[in-house]
Amino acid sequence: MLLVLGNGIAGATAARVARTLRSDAEVAMVSDEHPLPYSRTALMYVFMGRLRAQDTHLYDAAFWAKNRIDRIEGRAARLDANARTLHLADGRALGYERLVLATGSTPRRLDVPGSDADGVVHLYGLAHLDDIEAALPHANGHAVVVGGGLTGVELGEMLRSRGLAVTFLVREPRLMPRTLSSDESALAEATIRRHGVDVRTGASVVAVETVSGRAMGVVLASGETIPAGLVAVAVGVEPNVDLAREAGLAVRRGVVVSGTLETSATDVFAAGDCAEHASGRVDQLWYTARAMGATAGRGLAGQPTAYAPGVPFNAAAFFDAEWQTTGYAPGDIPDGWTERRWRDDAAGQAFRLVLDGDGRAAGVSSFGMRLRHAVCQDWVERSVTLGEVLAGLRRARFDPEFHRVRTDDIALALADL
Amino acid sequence: MTLSDRLALASGGVALATVGLAVAGVPMPPGLGLALVLGGFAAAALLVLPRYAAQPSAVALDGTMRASATARGGVAWAMALVLTAYYAATYWFPGRLDGLVRLFEPLSHALRGRDSDVWFVYGTFYTLAVAAMGVRALVKYRDHPYHRARTLAVMAVQTLLAWALPALLVRLQRPELYFSYTWPLDYDFLFPSNVQMLRDHGTLGLFALVWGVLLLAVVTPMLTYFYGKRWYCAWVCGCGGLAETAGDPYRHLADPSLRAWKIERWTIHSVLVLIVATTALVWLRATTGFGGAVSDALARFYGFGIGAVFSGVVGVGFYPLLGARVWCRFGCPMAAILGIQQRFFSRFRITVNGGACISCGNCTTYCEMGIDVRHYAQRGQNIVRASCVGCGACASVCPRGVLRLENGPGARMGERVGPGAFVPEDALDVLT
């Protein structure tokens with residue numbers, strides 16, 4: 001049997017890919033979370049009443065049945081890599097030919113006094129929505145979100161949609177400084193503020209105030225106390241590695257994998273949030289989980305393949321403003337590199353092209369506008385010049401028809417530099 | 001519930017109560033009654049505007065799955081009951097609506113110079129719904145120029161071409177002509193009786209006949225080739241106009257399952273075959289006198305079963321339960337023709353932006369035609385589907401900018417555009 005532990009996007013993708021390559025084999029996914037793979041990125045929309053839980057399923061039950069991918073509900077208790085057996089908590093033992101660990105991650109707790117109080121919530125899976133729902137009536141109309149990443153922004157949007165006053169505490173001096181340019185941070189912050197969220201940058205939490213075990217607010221390093229009956233914590237996630245560690249697999253922060261995503265155990269692969277590359281890198285994005293799942297799925301089918309995700313990309317939404325990036329365009333660029341920026345505050349739009357030391361395109365990012373992924377990827381793959389990017393900017397338009405597209409303005413502005 | 005929500009409910013209640021009193025035969029001054037009915041309904045539609053204006057997010061969908069009116073709750077069932085009852089009365093018990101019809105006398109006389117009737121009442125309600133809910137859509141989609149443009153288009157077509165112009169023609173003692181429809185949606189347009197009627201009406205009748213044929217045989221294939229069926233279904237058609245305005249709150253009620261798609265393909269093409277056969281038989285009878293009983297029965301069945309029950313009672317009456325495009329998706333023979341053209345002879349497609357899909361399901365959920373958009377988007381595959389009316393909702397609700405309606409030359413026909421490893425090329429295909 002080709003077995004996958006975990007049915008998040010990494011696990012589900014691995015199972016699908018294995019099935020495609022091996023029509024004869026038995027393929028199964030084990031999960032104790034939900035019988036049908038769903039999109040974690042859509043959790044916020046369920047909470048906001050835009051989607052029902054079943055709307056977030058990647059495929060319906062008939063898809064998995066038709067493609068003969070068994071869905072086993074159960075909690076993995078122990079992995080015996082030598083005997084190629086996965087033991088479930090209910091006593092079932094699943095023998096496998098090859099195995100993919102896609103066990104995901106767990107939200108990191110806030111390492112301050114009071115962080116385990118009632119009313120302190122996290123966001124990772126469907127069950128967390130119930131936690132947040134249960135905490136709502138005790139919020140007294142005010143919530144605090146701790147953590148300046150994307151999940152924090154999403155929590156802010158979720159809680160605002162229920163009419164709560166939201167204070168968004170960001171430890172860094174600006175939003176997502178490693179990922180966003182300063183222009184993008186500023187526009188994102190403005191967008192979040194426009195939606196009624198009180199954004200506080202440079203704010204670190206030193207304690208959660210509690211009264212008889214229930215959160216009543218947070219105390220900042222500055223000494224200020226912010227009253228809130230609901231404290232949503234989004235300070236990152238930690239790989240779920242207990243099972244692998246107990247089985248004797250090489251584990252550092254995550255399950256250590258080779259270039260083909262094989263773990264230290266024979267015929268056991270790892271993908272997604274739980275995996276750590278040889279370099280020590282742990283990728284915990286939706287897109288990287290999907291890409292790793294596809295590679296692990298090839299390995300699962302007996303065709304180990306080097307993990308080569310190609311030109312990296314990412315996309316996110318800050319309330320109704322979209323951000324996307326292709327290639328290498330970090331918040332602060334390496335020495336010797338340059339960048340060309342365009343920004344329109346009134347329109348809430350920004351565009352940035354990062355050029356490497358030779359003046360060649362290394363990455364693109366944009367805020368408040370939609371760019372065609374294939375075109376941006378092509379620029380980066382071919383390391384084109386500034387001139388070529390500006391000349392081809394029109395081809396990159398992806399905003400809906402009749403939208404006021406700014407590519408000509410951008411080309412003009414950046415060429416003038 | 002906000003103050004404006006309460007006022008909206010109260011206005012709708014006043015309008016409904018006035019209709020009820022009129023139907024019950026309670027005498028009232030027609031001018032006042034009409035003002036209460038039309039003003040009440042318009043106010044009910046427009047008083048929700050502050051709610052949209054207060055939300056910076058242009059596509060206000062929060063709470064859709066919880067609200068009674070949009071989540072098949074008691075409010076939705078009550079609305080469906082009122083709507084179906086009204087349709088049933090209009091079609092089969094028009095006498096019951098005499099009191100309501102009388103309220104419309106002042107308007108009918110002012111506009112058409114003749115007495116009101118149930119169909120004038122119906123057309124006026126229909127136009128009011130498109131106009132008032134159109135204004136609501138304009139506010140809701142104020143940051144979305146594509147939606148604004150198509151909303152203005154259907155509002156203009158309905159108000160001018162499908163309401164004011166026919167009324168004016170009646171006033172001028174000419175036949176009541178609707179230039180925005182043709183056969184087979186206007187199913188008896190090509191019946192011998194209608195063709196004869198048009199030919200009896202001189203230049204105007206002849207123009208209407210030629211226009212109807214051109215619309216079907218020349219305009220439709222040309223515009224569908226360049227823009228897809230949306231040029232008609234989301235920009236011109238009255239059924240589409242009502243769906244895109246009054247039906248806008250109900251997009252998510254369309255069933256996106258594979259089973260529904262299979263049923264849809266059978267039913268919509270069956271209706272097309274039925275109207276083609278019926279029209280052919282009616283002509284056979286008219287020219288040879290042969291098969292009178294069969295053609296009469298078929299024509300009667302089509303008028304009752306398809307025209308009244310399917311497109312009217314079910315198509316509109318069930319808006320709050322099944323979504324606004326039931327007729328367009330499962331029945332409309334015009335949509336069937338446009339769909340075949342769109343699937344095989346058109347440049348229109350929904351382009352998927354590389355590997356950026358996060359499989360959230362907003363596109364599939366808010367597709368009013370029940371297309372499982374996500375199925376394609378998460379594979380990085382462009383979407384070419386016969387049923388897509390090009391409303392553009394999927395592109396607007398997508399939180400990652402993954403979808404774009406396009407008709408330029410280029411990738412089409414389900415072509416994969418995913419950027420290599422980020423979208424597994426060997427994704428399984430359950431749909432074939």
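Chain A is the first sequence line, chain B the second, and so forth, proteins listed ahead of strands; every chain is numbered from 1.
- With a 4.5 angstrom heavy-atom cutoff, Leu43(A) does not touch chain B via any of its atoms.
- Judged as a salt bridge (charged side-chain N to carboxylate O under 4.0 Å, His left out), and not counting sequence neighbours, the contacts of Glu401(A) are Arg230(B).
- Contact tally against chain A (heavy-atom pairs below 4.5 Å) for Ile358(B), Thr364(B), Thr70(B): the top residue is Ile358(B).
- Using cut-offs of 30° and 60° on the angle between ring planes, the pair Tyr59(A) and His375(B) is perpendicular.
- Interatomic distance, Arg400(B) CZ to Tyr287(A) OH, rounded to the nearest 0.5 Å: 5.5 Å.
- Contact of Arg40(A) with chain B is not made at all, since no heavy-atom distance falls under 4.5 Å.
- Contact record, Pro145(B) with Phe402(A): CB-O, 3.4 Å, taken as the closest heavy-atom pair.
- Minimum interatomic distance between Thr351(B) and Arg372(A) (heavy atoms only, all atoms of both residues): CG2-NH1, 3.8 Å.
- Heavy-atom distances place the backbone of Phe47(A), and not its side chain, under 4.5 Å from chain B.
- Considering CG of Asp320(A) and OG of Ser396(B), their distance stands at 12.0 Å, rounded to 0.5 Å.
- When each of Leu403(B), Asn362(B), Thr64(B), Asp372(B) is scored by its heavy-atom pairs under 4.5 Å with chain A, the top score falls to Asn362(B).
- Using a 4.5 Å cut-off on side-chain heavy atoms (C-beta onward), Val397(B) and Arg50(A) make no contact.
- Interface summary for chain A: among Pro256(B), Cys357(B), Ala67(B), the most heavy-atom pairs under 4.5 angstrom belong to Cys357(B).
- You'll find the side chain of Arg52(A) stays beyond 4.5 Å of the side chain of His252(B), heavy atoms only.
- With hydrogens and angles disregarded, no donor-acceptor distance shorter than 3.5 Å links the side chain of Tyr146(B) to the backbone of His403(A).
- Atom-to-atom distance recorded for Cys360(B):SG and Met44(A):CE is 9.5 Å, nearest 0.5 angstrom.
- Between Asn353(B) and Arg370(A), the closest side-chain pair of non-hydrogen atoms is not below 4.5 Å.
- Tyr366(B) places a side-chain heavy atom less than 4.5 Å from the side chain of Leu51(A).
- When heavy atoms are compared at a cutoff of 4.5 Å, Ala149(B) approaches chain A solely by way of its side chain, counted from C-beta outward.
- Of the possible donor and acceptor atoms, one in the side chain of Arg404(B) sits under 3.5 Å from a partner among the backbone N and O of Asp399(A).
- A distance of 12.0 Å separates CZ of Arg397(A) from CD of Glu406(B), quoted to the nearest 0.5 Å.
- Other residues, nucleotides and ligands place no more than 12 heavy atoms under 6.0 Å from the OH atom of Tyr227(B).
- The backbone N or O of His57(A) lies less than 3.5 Å from a partner atom in the side chain of Arg374(B), making a donor-acceptor pair.
- Shortest non-hydrogen contact noted between Tyr45(A) and Pro399(B) is OH-CB, 3.0 Å.
- Ranked by non-hydrogen atom pairs under 4.5 Å with chain A, the options Gly63(B), Gly361(B), Ala71(B) are led by Gly63(B).
- Here CD of Gln378(B) is found 7.0 Å from CD1 of Ile9(A). Values are rounded to the nearest 0.5 Å.
- Interface check for chain B: of the options Ser161(A), Ala42(A), Gly293(A), Ala316(A), the most heavy-atom pairs under 4.5 Å are formed by Ala316(A).
- Residue-environment remark: CZ (Arg394(A)) stays at or below the threshold of 12 foreign heavy atoms within 6.0 Å.
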